[in-house]
Number of protein chains: 4
Amino acid sequence: MSRLAILGAARDLLLERGYERLTIDAIAARAGVGKQTIYRWWASKSAVVADAALEGDLAPPLVPLPDTGDIETDLGDWLRAWTERLTTAEGTSLILALTAATADDRAVADTLYDRFTQPHEQLLRDRLELARVAGQLAPDAPVPTIAGVLIGSMLYRVLSRQAPPTADDANLVVRLVFNGSGNRSRRTGV
Amino acid sequence: MSRLAILGAARDLLLERGYERLTIDAIAARAGVGKQTIYRWWASKSAVVADAALEGDLAPPLVPLPDTGDIETDLGDWLRAWTERLTTAEGTSLILALTAATADDRAVADTLYDRFTQPHEQLLRDRLELARVAGQLAPDAPVPTIAGVLIGSMLYRVLSRQAPPTADDANLVVRLVFNGSGNRSRRTGV
Amino acid sequence: MSRLAILGAARDLLLERGYERLTIDAIAARAGVGKQTIYRWWASKSAVVADAALEGDLAPPLVPLPDTGDIETDLGDWLRAWTERLTTAEGTSLILALTAATADDRAVADTLYDRFTQPHEQLLRDRLELARVAGQLAPDAPVPTIAGVLIGSMLYRVLSRQAPPTADDANLVVRLVFNGSGNRSRRTGV
Amino acid sequence: MSRLAILGAARDLLLERGYERLTIDAIAARAGVGKQTIYRWWASKSAVVADAALEGDLAPPLVPLPDTGDIETDLGDWLRAWTERLTTAEGTSLILALTAATADDRAVADTLYDRFTQPHEQLLRDRLELARVAGQLAPDAPVPTIAGVLIGSMLYRVLSRQAPPTADDANLVVRLVFNGSGNRSRRTGV
DNA sequence: CGATAAACGAGACGGTACGTCCGGTCTTGTC
DNA sequence: GACAAGACCGGACGTACCGTCTCGTTTATCG
């Protein structure tokens, strides 16, 4: 199936050149395919890129979220695993490309949300919900907000293109989310 | 000064068409300027866009961060103010355009970081530091991480292009950052 | 037989759109036939067009050349009959298409010559030969040249795409070929 | 001026490959020019070809028509000169290309008529008119028809792509036009 | 005040990529 | 087993922009 050759070529070129330097002609040439075959199945460059990221095993479907019974440890492990991925050249290129595709094309944004973002959010929410039931989270913990904070803070570090996130950053965010930074002793003292 | 006409035209077109559909020819035509005049001052389309966003009073230099003595209230107010801006069509276009420009061009990413991201982080850090000194924050509060979490979680909501962030979201994030979501009573009970 | 459907479709489209705007896909669609069925029998678009013109009763095989005993009258009638055909929109399209196909493809040129041009020349030559034997033509009359002159001069009028040839033109050419335009009286007088 | 480079490249490629195998991309590449520069000045491939033939000194503006006082000799010389040109590979390519362009595009046909065909016809007509006044032609000689016959019969030989016209053919046509082929003795005898 | 040059608008230019079209080949599924 | 339907590769099309490069024409400075 030429579909796979196209996605593979798109993935390779994406990592080699980045989103903006990626051309449909180059994908077609690398995949040994006519351009029309690409346009038969995808509406735009951004759509090909989104599919390539999701199916071209660029982004492994889901990093599994362990359940050892300790939610803080589990989330820390999971976020560090993601962080390590994002720190590689490939991971950074991938995030930048997907972000550019998202900003470029509304339809692509929706596709990526359904097939990449939303599943990750769901994974986090499910695990957090288990923790809340197990009494490890406050009964009124805003689960979706926590999921967004964990993802968003790491994404932000990548997009700012300054220092990429480290394992330490992951730990700090997780700890912050669980313990907060308000001065408890003082507050308790009041 | 034609410089201002260029930035104004770039800003207008950016909001009308978005980053990908923006062309140098269109900016030159709208500004009543020759293309060479644009290239005399900026190196690329992304550079013009970055400047237009920063100087074309698209993004007001800084939303002031109030200091009422209560850090949680102050941050909440500040984040809600930002949220309201991001919710407008213009605000969303701006963020998407700046994100695309960032993903497109490393030099632009650096410029934007220096003149947009970094000042906001600094503003937050300064205020948080005051709060820490005033004993409203835990002595070991990870100030840069907090700043990143606040910005990143809001940015994430905009980029995912699903539901834009609301005032409620802002409140939840601020409360989360201060109080955490771990089950304190249980933990205290141990 | 799908062969006839193909030739019919080709003929119709040829008259509707002209040679350059004619596509194999359109012929296949109009004929209700797969493209492969066309290529099973013809080598190229130009070959289909040539056949369509010759067999798709676009150009009736031969306009009969009458033999009343008076060669000048007979040729005049025949050339006027041709002229009337060429003057119609269909006739003009046909000539233009065949000319384009001829200029396009050497093999087609040969086919057309064998099955269209050459038979017409032969028809003329046979009739002229009869006339020569009957003493209506000079003994040394260049029969092939005469045939070429009659055909060529009409063809030229069509190809120049200015005024199409008229019955008067046909008469003048025939008279010229028989009587010449040299000043006979003067010449005889010498 | 890039215009000249384009016409030169078009002329060379026309002679190398023929009209149908000629592409705008190839012209642009050979001329060292962007495609847009071609489209800025010509509307279609056929228009470029027409101009290239007329200005790219492919077809020398006019073969001069001598005036020695003997119209038959002069016309014979002129037609033989043309014949020699058409017999070369270049001449044949030129005629086929111009014919294809004419059949392809009405506007081109008009241009070619005005700048190539019509001047040649005029040249012939002027010379024939002089001859008629000088008493070398019959008073009622159909001058335009004669011009058309001379051109058309040679053109026909080239387009049929069988034997190209020879000097003999030219002589025969000229003699035919002046003396006719009717059996004068018999006719006179009647 | 008039010369001289810098900055400018206009837009042609060489290029690269776009998204479309079509020719001719190959594959699939139906009748 | 023949055929319609149409995917497929290749390659040309005509368009849109890029960033560079002349061209005159204002402006603005200085002689």
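This is a predicted model, so every value here is computed, not measured. Naming convention: chains lettered A, B, ... in sequence-line order (proteins, then strands); numbering from 1 in each chain.
Between the OH atom of C/Y39 and the P atom of F/dC3 there is a distance of 18 Å, rounded to whole Å. Atom CD1 in D/I6 sits about 10 Å away from atom C1' in E/dC13, given to the nearest Å. Between the C1' atom of F/dA7 and the CD atom of C/Q36 lies a distance of 13 Å, rounded to the nearest Å. Atom CD1 of A/I27 is separated from atom P of E/dG19 by 11 Å (rounded to the nearest Å). For the pair C/W42 CH2 and E/dT25 C1', the computed distance is 18 Å after rounding to whole Å. Per the geometry, CG belonging to D/D25 stands 5 Å off P belonging to F/dC13, to the nearest Å.
Within the nucleic acid shown, B/K45 comes within 4.0 Å of sugar-phosphate atoms alone, with no base atom in reach, counting heavy atoms only. Looking at heavy-atom distances under 4.0 Å, B/S44 makes no contact with the nucleic acid at all. Residue-level contact check: D/W41 touches the backbone only, with heavy atoms under 4.0 Å from sugar-phosphate atoms and none from bases. When heavy atoms are screened at a 4.0 angstrom cut-off, B/I38 is found touching no nucleic acid atom at all.
Between B/R17 and B/D12 no salt bridge is recorded (no basic side-chain N to carboxylate O distance below 4.0 Å). One finds a salt bridge joining D/E16 and D/R30 here, because a Lys/Arg side-chain nitrogen approaches an Asp/Glu carboxylate oxygen to under 4.0 Å. Salt bridge status for A/D51 with A/R115: present, with a side-chain N to carboxylate O gap under 4.0 Å. A salt bridge is defined here as a Lys NZ or Arg NE, NH1 or NH2 lying under 4.0 Å from an Asp or Glu carboxylate O, and B/R161 with A/D110 fails to meet this definition.
Residue B/G32 is the one, among B/G32 and A/R21, whose nearest nucleotide of DNA chain E lies closer to the 5' end (criterion: closest heavy atom). Residues B/R40 and C/I24 each lie close to DNA chain E; by heavy-atom proximity, the contact nearer the 5' end of the strand is made by B/R40.
For D/T37, a side-chain nitrogen or oxygen approaches OP1 or OP2 of E/dG14 to under 4.0 Å. Dashed line: the shortest gap from a side-chain N or O of D/S2 to OP1 or OP2 of E/dC13 is under 4.0 Å.
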